Structure formats: C-alpha cells, structure tokens
**Student:** 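One structure, pasted below without further comment.
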Amino acid sequence: MMSDCNYKMLSSNEIGNVLYCKEYQEMIIGVGTFILKFKDEQPKIFLKALLGTKDEYDLKKNHLVEKVFLKTPVKNMMLALSWEELNLSIDLLQVAFLNLEVSEILAVKI
C-alpha cells in the first residue's frame, strides 16, 4: 500500500520540497502551487524538461516579464513558471538527485 511509504526529504528551498520513498521508488516534487508524484525514471525526465525549457527560454532574454511554459513529455500537463521559479525548481531537483546519489554511494538508509 502506497500510504505506508516512508518518505524522506531530499531537498528543500524557497520554491518547494522533494521527498523520496526508496521502497516504492517514488518521488514527490512540490514546486510552488503544484505537487507531482513520479516513479522510477520519471523525475529525471521532468528535470530534463526543466533544463530544456530553460535553454530555449535563455534565447529570449526577457526574464523579468514573461512566464515560462514548461514543455513536458506529458501531453495533458502544462506548467507556467517565472524565470526565477524555473531556476529554483532546477536547483531543487539537482540537489535532490545529488543527495540521492550520495546516500546510495554511502549506503545510508534514507
């Protein structure tokens, strides 16, 4: 049962939190007003989508006014973030993955 999952905090910043359940390989990503629950490789795909959106938006240069519409591999999901929110979200996920890798290398129970 998924409710028995023992989630541990992987990262947190002013935009949100990332929680992880090793037993079910689930990651919960809370960013601003949305919460996403992913399994297996899905969180890495989401991070790639964030990074790809940032690279594309970087060319437009108007970071203060416009919202960034995140291009996701999921057709029924569109997320809008400000430039700052996009960067904070990327930082949040990169720190989460780094912490996950470090805990696996050290064989520390998370």
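All figures in this text were calculated on a predicted structure; none of them were measured in a lab. The first residue in the sequence is number 1, and the count goes up from there.
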**Student:** Which pair of non-hydrogen atoms, one from F46 and one from L79, has the smallest distance, and what is that distance?
**Tutor:**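 Result for this residue pair: CE1-CD1, 4.0 Å.
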
**Student:** For I15, which residues count as a side-chain contact (heavy atoms from CB on, under 4.5 Å) partner, sequence neighbours excluded?
**Tutor:**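 Scan of I15 (side-chain contact (heavy atoms from CB on, under 4.5 Å), adjacent residues dropped) gives N13, V31, E85, L88, S89, L92.
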
**Student:** Taking all non-hydrogen atoms of both residues into account, name the closest pair between S12 and M9 and its distance.
**Tutor:**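 Heavy-atom minimum between the residues: CB-SD, 4.2 Å.
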
**Student:** Who are the side-chain contact (heavy atoms from CB on, under 4.5 Å) partners of Q94, not counting sequence neighbours?
**Tutor:**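 In terms of side-chain contact (heavy atoms from CB on, under 4.5 Å), with neighbours along the sequence ignored, Q94 is linked to L47, L51, I90, D91.
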
**Student:** Compare all side-chain heavy atoms of K8 with those of N6 and state whether any distance is below 4.5 angstrom.
**Tutor:**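 K8 reaches N6 side chain to side chain.
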
**Student:** Give a yes or no on whether the ring-centroid distance for Y7 and Y20 is below 6.0 angstrom.
**Tutor:**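 They do not qualify: ring centres at least 6.0 Å apart.
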
**Student:** Starting from the C-alpha separation in whole Å, work towards a yes-or-no answer on side-chain contact (heavy atoms from CB on, under 4.5 Å) for L81 and F34.
**Tutor:** CA-CA 11 Å; L81 301 168; F34 62 87; 3.9 Å; yes

**Student:** Does the side-chain contact (heavy atoms from CB on, under 4.5 Å) test come out yes or no for F38 and K44, once each step is laid out?
**Tutor:** CA-CA 9 Å; F38 291 124; K44 290 181 181 175; over 6 Å; no

**Student:** Hey, does L10 have a side-chain heavy atom less than 4.5 Å from the side chain of M27?
**Tutor:**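 Side-chain contact under 4.5 Å: yes.
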
**Student:** Measure the shortest side-chain to side-chain distance between L86 and L50 over non-hydrogen atoms and say whether it is less than 4.5 angstrom.
**Tutor:**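 They are in side-chain contact.
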
**Student:** Give every residue pair that meets the salt bridge (Lys or Arg N to Asp or Glu O under 4.0 Å) criterion with at least one member in residues 93-103, sequence neighbours excluded.
**Tutor:**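 Those involving residues 93-103 do not exist here.
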
**Student:** Just so I know, are the side chains of V18 and I28 near enough to count as touching, which here means a heavy-atom distance under 4.5 Å?
**Tutor:**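 Side-chain contact under 4.5 Å: no.
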
**Student:** If I compare all heavy atoms of Q42 with all of K39, which pair ends up nearest, and what's the gap?
**Tutor:**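 Here Q42 and K39 meet closest at OE1-N, 2.8 Å.
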
**Student:** Hydrophobic clustering (ILVMFWY, side-chain heavy atoms < 4.5 Å, transitive) - are L100 and V95 grouped together?
**Tutor:**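 No, no single cluster joins them.
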
